[in-house]
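Okay, so here's the structure we're looking at.
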There are 2 protein chains.
Amino acid sequence: MQVTIKDIARECGVSVATVSMALSSKKTRVSEKTKAKVIEVARKYNYQPNNAAVSLVNKKSKLIGIVFNDLRNTHISSLFMEINNVVEKRGYSLVCHIIEDDGAVECDLLRNVGAGNISALIWAKSLEKYTNEEKKKLNDAILQLDVPVMTMDNYGFACEGTDVVFDYRQGGYIATKHLIDYGHRRIGCVAGKKNYQVTQERLEGYKMALQEAGISYDEKLVVYGDYTMNSGYMLFSYIMGKKVTAIFSMNDEMAFGIYRAARMYGVSIPEEVSVVGFDNVPFADVMQVPLTTIGIPVEEIGKYIGERTMELIECTEKKGRNVREYKPQLLLRGSTRKI
Amino acid sequence: MQVTIKDIARECGVSVATVSMALSSKKTRVSEKTKAKVIEVARKYNYQPNNAAVSLVNKKSKLIGIVFNDLRNTHISSLFMEINNVVEKRGYSLVCHIIEDDGAVECDLLRNVGAGNISALIWAKSLEKYTNEEKKKLNDAILQLDVPVMTMDNYGFACEGTDVVFDYRQGGYIATKHLIDYGHRRIGCVAGKKNYQVTQERLEGYKMALQEAGISYDEKLVVYGDYTMNSGYMLFSYIMGKKVTAIFSMNDEMAFGIYRAARMYGVSIPEEVSVVGFDNVPFADVMQVPLTTIGIPVEEIGKYIGERTMELIECTEKKGRNVREYKPQLLLRGSTRKI
DNA sequence: TTGAAAGCGCTAACAA
DNA sequence: TTGTTAGCGCTTTCAA
């Protein structure tokens, strides 16, 4: 059985209120002597306040909820580590909720999250194309949580927090433009899940670059995967069948799948086909032919999310909702060539 | 403000006890009619029990602590996902604690974890070579938690739970033996952090295989990194300077760093040097020259940990401490060749 | 400077 | 079948 404030009070011959105050970091009206005694005894018994009791009375816990799709993607796990690093230093812990892609489940999840007595929520899950009704339900569920919410996309939540967005459109544009600059005209696009907002944005960038170069958009050259390596692997033969000379892969993982398939089919990169990825995961630079890709400043983003979350929790004055945008960067490596 | 049991009681014209019972899944002594009414009202207001209150009275929460070093390693994040998948289905959430390598911090962390009101702890952090005093301190801290603890190594904790171990020694042996079978005699070893138990075990396996083949052990051929890609990259030139014809890398990440360095120095794998990794992360199979490596059944392990944790939480009869061991497997791919 | 007491939301023993 | 009540461990008025 854990030692409680009561045990300490008894041993020190004071009341529980005094112990509570002595142990509190707030301005104390307790005499130095009593305080020292209390602290000593507390240490002796290795006293730890019971979090459930503390949060029951304070209506705040040291827990921050975080929701995401898949941690196996290095890109997400790096983000996670960065965020954790910031909040853990301040005594907070992340409570994980992993969610498959399905709007219905999200609200269930949120009931669960809401019951968890968290002080803030980090919604790092990809935004999907919701119907208006789904949107409303989700927003209601979020509002009922009554805590600040950080999102990794523009969810349009009406609560306090920040939409941390990345300019995926610009990323898609830069990637495609780079291929065009290298003389490619038939550029395949291995897209991610169709219903993700981030997929649509990258696609818009792709189209923009094409249009700007006077290349007509051909939807046959766009094929949808699910952002996993395996889907890149599976889609390779289709896209090559379309006689493309270059591929814009919407993330690095799928590009790796493409690499693997290319090896299998004896197609060499970049001689026979150029490939551009997206994310710049650490492995991108390991391959024999390092992957040209679009960089995302994950460390910076993670750090910001962590700090902003803490600010939202600890500052009393309300800050409303704001947006913070990050920009893409082309990382030129070996997987693309001029034709 | 969240709806409480009291609000529902008022609206239904019954007492809070009745509401509590009606909403509980246990055998209920509440009339069907009252129960239906209560459930209806609860749903109407989207009632969620306050976890802090529930765990304060039950002395149990729906939280499971998990401790690890680095999530960026695909190997760890896969494990994490598997565990989460099992426990989330049962209504539990994982609370993350990431810890750098430092015994001193571990106990601090544990105070924090202990305050967190968790129902079980999963200690997925690498075991280090502790002094006896450190060991005792850690064990005491763990015991004070008074919850079942799963570990990913043989920590020798005295509490209820399971040591889930992997036969790293055998893995190191198989990897090295494979290289020896291929005719290699000068086999370099790119090891992980020296103070990790798992490093020492792999090293023992390496030595065993060498000895069995009558090759004398040369400590100059062993060099220590930190299990990151970058350390593999940095150590490559040293190990090649020792005129080895093959390298046993203690994990895939470092092997990838070796790949990268090899490319830089114009050394070809496996023509000029054979490489064996360890872990079998998904990327191992993407490279132009796919990595021969040692497989670990991560999915199986993760699933077991999740299920065993739930069993420990939910079963009332005490089960003591047991050990579960998993075995390595050689995955022969393209990065090794006969000489 | 300290203590008594109320109360956070919930559960469970005991009474009715 | 239902209500009353005590209490989980803590914080915070209010009174001494």
Side-chain angles (χ1 to χ4, degrees), chain A residues 1-39 41-42 45-63 91 111 114-119 144 146, chain B residues 1-39 41-42 45-63 91 111 114-119 144 146:
Chain A
M1 190 56 206
Q2 290 280 352
V3 192
T4 73
I5 218 175
K6 223 189 235 170
D7 302 315
I8 299 182
R10 193 177 325 109
E11 170 128 358
C12 293
V14 298
S15 73
V16 292
T18 305
V19 174
S20 173
M21 283 161 53
L23 257 24
S24 148
S25 50
K26 295 181 192 155
K27 61 172 192 338
T28 174
R29 316 142 21 211
V30 183
S31 74
E32 281 307 316
K33 207 178 127 209
T34 325
K35 185 166 176 172
K37 173 79 178 161
V38 168
I39 289 175
V41 174
Y45 289 113
N46 197 18
Y47 165 76
Q48 280 304 111
N50 178 316
N51 266 5
V54 175
S55 46
L56 180 58
V57 57
N58 288 344
K59 294 172 180 321
K60 280 291 165 214
S61 71
K62 294 283 192 178
L63 262 21
R111 323 185 90 242
N117 222 254
I118 52 172
S119 291
Q144 223 203 353
D146 194 30
Chain B
M1 190 57 203
Q2 289 280 353
V3 193
T4 74
I5 218 176
K6 223 190 234 166
D7 303 316
I8 299 182
R10 194 179 321 109
E11 170 129 358
C12 293
V14 296
S15 74
V16 292
T18 306
V19 175
S20 173
M21 283 162 52
L23 258 23
S24 147
S25 50
K26 293 181 194 157
K27 61 171 192 340
T28 172
R29 314 143 22 211
V30 182
S31 75
E32 282 307 317
K33 206 178 124 207
T34 327
K35 185 165 175 172
K37 172 79 180 163
V38 168
I39 290 175
V41 175
Y45 290 113
N46 197 16
Y47 166 76
Q48 280 305 111
N50 178 316
N51 266 5
V54 175
S55 49
L56 180 57
V57 58
N58 288 344
K59 294 173 181 317
K60 279 292 165 214
S61 70
K62 295 283 190 178
L63 262 21
R111 323 185 90 242
N117 221 252
I118 51 172
S119 291
Q144 223 203 354
D146 194 31

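These numbers come from the heavy atoms of this one structure, side chains and all, not from hydrogens, waters or symmetry mates. Fair warning: this is a prediction, and the values are worked out from it, not measured in the lab. Each chain gets a letter, A, B and so on, in the order the sequences are listed, and its residues count up from 1.
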Side chain proximity check, A:Val14 to A:Val30, heavy atoms < 4.5 angstrom: no
What is the separation between atom NZ on A:Lys60 and atom P on D:dG9, rounded to the nearest whole Å? 24 Å
Determine whether B:Glu11 and B:Asp7 make a side-chain contact, defined as any pair of heavy atoms from C-beta on separated by less than 4.5 Å. no
Does B:Leu56 or B:Val16 map to a spot on DNA chain D nearer the 5' end, using the closest nucleotide for each? B:Val16
Spacing of B:Arg10 atom CZ relative to D:dT2 atom C1', expressed in whole Å: 19 Å
Between B:Leu23 (CG) and C:dC10 (P), how many Å, whole number? 9 Å
Please report the distance, rounded to the nearest Å, between NZ in A:Lys59 and C1' in D:dT12. 13 Å
Are A:Ser31 and C:dT2 close enough that a side-chain N or O sits under 4.0 Å from OP1 or OP2? yes
Using a cut-off of less than 4.0 Å, is there contact between a side-chain N or O of A:Lys35 and OP1 or OP2 of C:dT1? no
Look only at the side chain of B:Ser119 and the backbone of B:Lys62, and say whether a donor-acceptor pair between them is shorter than 3.5 Å. no
Donor-acceptor check, side chain of A:Asn58 to backbone of A:Lys60, threshold 3.5 angstrom: yes or no? no
Measure CG/A:Asn58 against C1'/D:dT12 and give the value in whole Å, please. 10 Å
Spacing of A:Met21 atom CE relative to D:dT12 atom P, expressed in whole Å: 10 Å
Given atom CD1 of A:Ile5 and atom P of D:dG7, what is their separation to the nearest angstrom? 18 Å
Below 4.5 Å, heavy atoms only, C-beta onward: do A:Tyr47 and A:Ile8 meet side chain to side chain? yes
Starting at the 5' end of DNA chain D, which residue's closest nucleotide do you reach first, B:Val57 or B:Ser15? B:Ser15
Give a yes/no answer on whether the side chain of A:Ser20 brings an N or O atom under 4.0 Å of OP1 or OP2 in D:dT11. yes
D:dT1 phosphate, OP1 or OP2, under 4.0 Å from B:Thr34 side-chain N/O: no
Could you state the atom-to-atom distance from CG of A:Asn51 to P of D:dT11 in whole Å? 10 Å
